[in-house]
Amino acid sequence: MRVVICGGGVIGACTALFLARRGIEVIVVERTEVAAAASGKAGGFLARDWCAGTPLDALARRSFALHAQLAGDIPGDWGYRPMTVYSGFVAPDGDARQALPSKLRWLADGVVIAQRIGTHETTAIVHPRKFTSSVMDAALALGAQLRRGRITAIPRAADGATARGVEVEGSVIEADAVVIAMGPWSLLAAQWASLPAVYGQRSPSIVYDTGTDVPADALFLEHEDNGNAVSIEVFPRADGSTHVTALSDIAPLPLDPAAVTPDEDAIVRLQAMSERLSSLFDPARIIARQACFRPVTQDGLPLIGKVSQSEGLYVATGHNVWGILNAPATGEALAQLIADGAAQIDLSPFDPARLAPLDPSLLQTR
Ligand SMILES: Cc1cc2nc3c(=O)[nH]c(=O)nc-3n(C[C@H](O)[C@H](O)[C@H](O)COP(=O)(O)OP(=O)(O)OC[C@H]3O[C@@H](n4cnc5c(N)ncnc54)[C@H](O)[C@@H]3O)c2cc1C
């Protein structure tokens with residue numbers, strides 16, 4: 001059996017690994033490079049039970065466990081580490097004083113820590129680009145192939161329903177099954193199959209080189225920006241980089257993933273907010289000013305499963321803010337679905353058929 005995976009983000013890479021572990025022939029087709037988009041620019045934060053009470057709970061718990069297993073199972077160093085998480089706020093006038101515990105004294109006056117919201121048992125972090133690349137490398141080591149190219153169509157067999165592979169800029173790669181995992185660009189697949197809309201929600205982030213100066217605790221802080229309360233998230237990672245993100249906007253998704261750029265105004269505001277948090281967020285320490293598009297669906301839940309009115313066609317996208325967390329269990333479940341006909345985890349909340357398909361005439365691809 002041969003499976004072609006469209007997209008080399010974290011979802012494509014994890015699906016490739018779990019399929020390759022079953023001895024299935026896998027070809028990943030990636031337009032730009034592995035982890036070129038959100039999977040390379042995310043925070044990398046993982047939480048075991050922050051989806052409790054939602055349809056994502058079982059997927060998130062399984063995935064959290066798989067992240068810990070993968071850290072021991074496959075080669076590579078992507079900085080997997082359990083972490084503590086605190087929430088709090090930044091006092092608008094900056095004069096609030098709090099006797100912070102010693103490990104939080106790197107924070108400026110005016111930052112108030114309200115409570116601990118994650119522990120080493122419930123929260124962790126990875127470097128998302130290094131994680132995605134290591135998972136892809138592990139799949140390649142098991143025989144998977146990675147080809148650079150742009151998927152331009154999903155050709156059908158004579159019955160008109162069965163996907164017979166993918167078209168990559170004019171040439172066809174034949175396959176028994178195809179997985180669409182192109183993040184927000186999965187929207188384009190609505191031209192080729194009956195699929196609901198996937199939107200891209202843009203978020204800026206700044207990455208600082210903080211070395212060992214910032215301890216390994218994540219922060220979720222309420223901050224006032226132009227009179228509005230916004231949440232700013234701080235993720236120190238094992239490689240000495242600290243990822244800071246806040247603010248998101250609706251912007252047109254560039255057709256080329258390599259053409260994604262941040263909104264300059266959003267970066268300026270995010271930089272000012274970061275400097276309010278700590279003098280360690282010094283502009284001289286900035287490694288990256290970037291943005292990425294989270295894949296989002298109409299009801300906020302991912303699309304994971306078989307595409308209706310098609311045979312041999314599957315989709316895995318729309319993971320929104322939890323794509324790094326939920327990638328391993330998504331890949332595992334898809335591999336089970338493709339190879340065994342059913343996944344161990346209940347995928348019914350993520351059935352693509354729950355949402356109306358997008359009218360392809362609404363797509364502007366130029
Ligand atoms: C600022 C920010 C912070 C985040 N932080 C976290 C976090 O802390 N924890 C967490 O769990 N999640 C986080 N996320 C969400 C997470 O990054 C995404 O949900 C996840 O990366 C989506 O992965 P993906 O593989 O579906 O898509 P993508 O990463 O977008 O990958 C899609 C791939 O498809 C390729 N592609 C596109 N079109 C084609 C084509 N025609 N042919 C071939 N290839 C194509 C692209 O080049 C790309 O490599 C964050 C997101 C953002 C924006």
Side-chain angles (χ1 to χ4, degrees), residues 4-16 28-47 50-51 56 59-60 63-64 67 85 123-129 131-132 135-136 146-154 166-169 179-189 191-192 198 200-207 218 220 233-235 237 243-249 253-260 262 266 270 288 290-296 302-304 315-328 330-331 365:
V4 170
I5 298 172
C6 313
V10 72
I11 302 296
C14 286
T15 306
V28 179
V29 182
E30 164 55 45
R31 173 173 175 158
T32 309
E33 60 181 21
V34 170
S39 303
K41 296 174 183 163
F45 178 67
L46 316 173
W50 287 23
C51 298
L56 282 170
L59 190 75
S63 236
F64 190 78
H67 269 285
V85 188
T123 44
I125 195 152
V126 295
H127 190 294
R129 182 175 50 72
F131 173 69
T132 304
V135 170
M136 187 68 84
L146 174 64
R147 299 199 193 160
R148 187 162 170 169
R150 182 170 61 96
I151 309 280
T152 44
I154 298 181
V166 295
E167 185 187 283
V168 183
E169 294 161 83
V179 178
I180 299 162
M182 300 190 299
W185 293 277
S186 303
L187 177 75
L188 299 173
Q191 303 167 94
W192 316 319
V198 183
Q201 176 106 44
R202 187 171 65 172
S203 296
S205 55
I206 300 179
V207 184
F220 285 73
E233 300 169 10
V234 178
F235 300 123
R237 304 186 292 206
H243 183 278
V244 185
T245 185
L247 310 165
S248 64
D249 64 5
L253 179 72
L255 275 181
D256 181 355
V260 172
L270 179 57
Q290 58 190 17
C292 57
F293 283 84
R294 287 180 272 124
V296 184
L303 308 174
I304 310 172
V315 65
T317 188
H319 290 73
N320 199 353
V321 295
W322 289 121
I324 306 300
L325 168 65
N326 286 329
T330 298
T365 53

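First listed ligand is number 1; within each ligand, the first listed atom is number 1. Heads up: numbering here begins at 1 and tracks the sequence. Note that the structure is a prediction, hence the values are computed from the model and not measured.
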Just by distance, no angles: are the side chains of Gln290 and Ser205 close enough, under 3.5 Å, to form a donor-acceptor pair? yes

Answer whether the closest heavy-atom distance between the side chains of Cys6 and Val166 falls below 4.5 Å. yes

So the atoms of ligand 1 within less than 4.0 Å of a heavy atom of Cys292 turn out to be 1 (C), 2 (C), 52 (C), 53 (C)

Which residue supplies the protein heavy atom nearest to atom 51 (C) of ligand 1, what is that atom called, and how far is it? Arg294 CG, 3.4 Å

Looking at ligand 1, does any of its N/O atoms fall within less than 3.5 Å of an N/O of Ile151? yes

Provide, to 0.1 Å, the distance between atom 26 (O) of ligand 1 and the closest protein heavy atom, together with that atom's residue and name. Ile11 CG1, 3.4 Å

Enumerate the atoms of ligand 1 whose separation from the nearest heavy atom of Arg150 is less than 4.0 angstrom. 41 (N), 42 (N)

Side chains of Val126 and Leu46: does their closest heavy-atom pair fall under 4.5 Å? yes

For Pro257, is at least one N or O under 3.5 Å away from an N or O on ligand 1? no

I need the single residue from Val85, Thr245, Val321, Val234 that forms a side chain to side chain contact (heavy atoms under 4.5 Å, CB included) with Phe45. Which is it? Val85

Atom 27 (O) of ligand 1: nearest protein contact (heavy atom, Å): Gly183 CA, 3.3 Å

Any N/O pair Pro184/ligand 1 closer than 3.5 Å: no

With no hydrogens and no angle check, is any side-chain donor or acceptor of Arg148 less than 3.5 Å from a backbone partner on Thr32? yes

Give yes if a backbone or side-chain nitrogen or oxygen of Ile324 is under 3.5 Å from a nitrogen or oxygen of ligand 1, and no if not. yes

Can you tell me which residue and heavy atom of the protein come closest to atom 17 (O) of ligand 1, and the distance to 0.1 Å? Ala42 CB, 3.2 Å

4.5 Å side-chain heavy-atom contact, Arg147 and Val168: no

Does Cys6 reach ligand 1, in the sense of a heavy atom lying below 4.0 Å from it? no

Taking Thr152 for the side chain and Glu169 for the main chain, is one N or O donor matched with an acceptor at less than 3.5 Å? yes

From Val126, Asn320, Thr317 - option closest to atom 16 (C) of ligand 1 by heavy atom: Asn320

Which residue and atom name correspond to the protein heavy atom nearest atom 8 (O) of ligand 1, and how close is it? Phe45 N, 2.8 Å

Does His67 have its ring centroid less than 6.0 Å away from the ring centroid of Phe131? yes

Among non-hydrogen protein atoms, atom 31 (O) of ligand 1 lies closest to Gly9 CA, 3.5 Å

Polar contact flag for Phe235 and ligand 1 (N/O pairs, less than 3.5 Å): no

Per-atom contacts of ligand 1 with Gly44, taking only distances under 4.0 Å to non-hydrogen atoms: 7 (C), 8 (O)

Close-contact set for ligand 1 against Ser203 heavy atoms, below 4.0 Å: 1 (C)

Does any N or O in the side chain of Trp185 come within less than 3.5 Å of the main-chain N or O of Pro254, such that one atom is a donor and the other an acceptor? yes

Could you tell me whether the side chain of His243 and the main chain of Lys41 form a donor-acceptor pair under 3.5 Å? yes

Check each heavy atom of Val29 against ligand 1 and say whether those closer than 4.0 Å belong to the side chain, the backbone, both or neither. backbone

Protein heavy-atom partner closest to atom 12 (N) of ligand 1 - residue, atom, separation in Å: Val321 O, 2.7 Å

For ligand 1, is there an atom lying under 4.0 Å from some heavy atom of Gly149? yes

Per-residue contact class, Leu325 against ligand 1 - non-hydrogen pairs under 4.0 Å: both

Contacting atoms of ligand 1, where contact means under 4.0 angstrom from a heavy atom of Thr245: 1 (C)

I need the contact type for Trp185 against ligand 1. Using non-hydrogen atoms and a strict under-4.0 Å cut-off, is it side chain, backbone, both or neither? side chain

Pull out every atom of ligand 1 sitting under 4.0 Å from any heavy atom of Gly43, numbered as shown with elements. 3 (C), 4 (C), 5 (N), 6 (C), 8 (O)

Who's closest to atom 48 (C) of ligand 1 heavy-atom-wise, of Glu30, Arg31, Met182? Glu30

Nearest heavy atom to atom 28 (P) of ligand 1 wins, so pick from Gly40, Ala258, Ser39, Pro128. Ser39

Would you mind telling me if ligand 1 is within reach of the side chain of Leu188, the backbone, both or neither, using heavy atoms under 4.0 Å? neither

Report yes or no: does Ser39 contribute a side-chain atom to a donor-acceptor pair with the main-chain N or O of Gly9 at less than 3.5 Å? no

Whether Arg237 side chain and Gly43 backbone form a donor-acceptor pair below 3.5 Å: yes

Look only at the side chain of Thr123 and the backbone of Ala47, and say whether a donor-acceptor pair between them is shorter than 3.5 Å. no

Validation row: Leu188, Leu255 side chains within 4.5 angstrom (heavy atoms): yes

